[in-house]
**Student:** 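Right, I'll just put the structure down here and ask away after.
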Amino acid sequence: MDKKREIAIGIALQTRVLKTCPIHDHWFCENDELIDDEDISRAYSVAVELVRQHEMYAEEFHHDPHALTELLTQIISTAPDHCPDCRSTRTPSAPGRGRYPERRAVPRT
């Protein structure tokens, strides 16, 4: 992974726009509808601040905060909505074993 993507992903993870799977350590963006506008605003603010205030980031993005915010947008918009490994290992629930187990008739005595 190149340094620029690493920086953008780090910002997205820090600001909780992206999440990390605790099992597989992959990052993802849960659901566009669940992303808090405050988190995204914070991510962009952090990106702009880093490029303006820290020489290392300024040099990496050629003193252009817009370059980092564009990359951040691209990463967020193309991130999977769930951990790819969790998705591939999911199996349908057996009857009665889902979120709301089937009720069994209890014989009356």
Side-chain angles (χ1 to χ4, degrees):
M1 178 180 327
D2 74 346
K3 186 73 172 168
K4 290 179 181 182
R5 285 185 60 79
E6 192 176 303
I7 291 168
I9 291 168
I11 291 169
L13 289 168
Q14 275 186 301
T15 55
R16 292 180 261 164
V17 174
L18 293 180
K19 312 257 189 271
T20 304
C21 173
I23 298 167
H24 301 106
D25 204 35
H26 294 297
W27 51 265
F28 59 93
C29 185
E30 267 185 332
N31 182 338
D32 291 340
E33 296 168 7
L34 297 177
I35 297 175
D36 188 351
D37 286 338
E38 230 176 86
D39 290 339
I40 291 179
S41 294
R42 190 175 322 116
Y44 290 135
S45 294
V46 167
V48 169
E49 183 72 20
L50 286 175
V51 174
R52 288 187 177 160
Q53 300 295 323
H54 299 280
E55 193 60 32
M56 180 183 85
Y57 298 103
E59 287 177 8
E60 191 69 43
F61 289 94
H62 307 287
H63 299 272
D64 181 11
H66 188 67
L68 179 51
T69 57
E70 276 187 1
L71 181 57
L72 197 52
T73 299
Q74 187 265 330
I75 287 169
I76 292 166
S77 66
T78 60
D81 61 353
H82 290 86
C83 170
D85 287 343
C86 286
R87 177 177 284 166
S88 65
T89 59
R90 273 191 224 149
T91 57
S93 298
R97 304 198 67 171
R99 187 170 182 175
Y100 301 104
E102 294 174 359
R103 293 180 181 228
R104 295 185 183 183
V106 179
R108 293 187 180 185
T109 54

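FYI, the numbering just counts along the sequence from 1. This is a predicted model, so every value here is computed, not measured. Quick note: numbers below take in every heavy atom, side chains included, and nothing from hydrogens, waters or symmetry partners.
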**Student:** Could you list the residues that satisfy side chain to side chain contact (heavy atoms under 4.5 Å, CB included) with Q74, not counting sequence neighbours?
**Tutor:** R5, L71, T78
**Student:** So do the side chains of L68 and I11 get within less than 4.5 Å of each other, counting heavy atoms only?
**Tutor:** yes
**Student:** Mind checking side chain to side chain donor-acceptor pair (under 3.5 Å) for H54 and listing every partner two or more places apart, or none if nothing turns up?
**Tutor:** none
**Student:** Could you go through the side-chain contact (heavy atoms from CB on, under 4.5 Å) check for F28 and L18 one step at a time?
**Tutor:** CA-CA 5 Å; F28 59 93; L18 293 180; over 6 Å; no
**Student:** H63: which residues meet the side chain to side chain donor-acceptor pair (under 3.5 Å) condition with it, sequence neighbours left out?
**Tutor:** none
**Student:** E6 versus D2: any side-chain heavy-atom pair under 4.5 Å?
**Tutor:** no
**Student:** Let me confirm one number: the SG-NE2 distance from C83 to H24, rounded to the nearest 0.5 Å.
**Tutor:** 5.5 Å
**Student:** Is it the case that one hydrophobic cluster holds both V48 and V17, taking links as side-chain heavy atoms less than 4.5 Å apart, direct or via other members?
**Tutor:** no
**Student:** Within the structure provided, determine whether W27 and K19 are in side-chain contact (heavy-atom separation under 4.5 Å).
**Tutor:** no
**Student:** Looking at side-chain heavy atoms only, is the closest gap between V51 and D64 below 4.5 Å?
**Tutor:** no
**Student:** Side chains of C86 and C21: closer than 4.5 Å at any heavy-atom pair?
**Tutor:** yes
**Student:** Which atom pair, heavy atoms only, marks the closest approach of I7 to E60?
**Tutor:** CD1-CG, 4.0 Å
**Student:** If you measure only the distance, is there a donor-acceptor pair under 3.5 Å linking the side chains of Y44 and T15?
**Tutor:** no
**Student:** Say you draw a straight line from CZ of F61 to NZ of K3; how long is it, rounded to the nearest 0.5 Å?
**Tutor:** 9.5 Å
**Student:** Could I get the full list of side chain to side chain donor-acceptor pair (under 3.5 Å) partners for Y57, not counting sequence neighbours?
**Tutor:** none
**Student:** Who are the side chain to side chain donor-acceptor pair (under 3.5 Å) partners of Q14, not counting sequence neighbours?
**Tutor:** none
**Student:** How long is the span from the OG atom in S45 to the CG atom in L50, to the nearest 0.5 Å?
**Tutor:** 10.5 Å
**Student:** Cluster question for you: counting only ILVMFWY and a side-chain heavy-atom cut-off of under 4.5 Å, with indirect links fine, are M56 and L72 together?
**Tutor:** yes
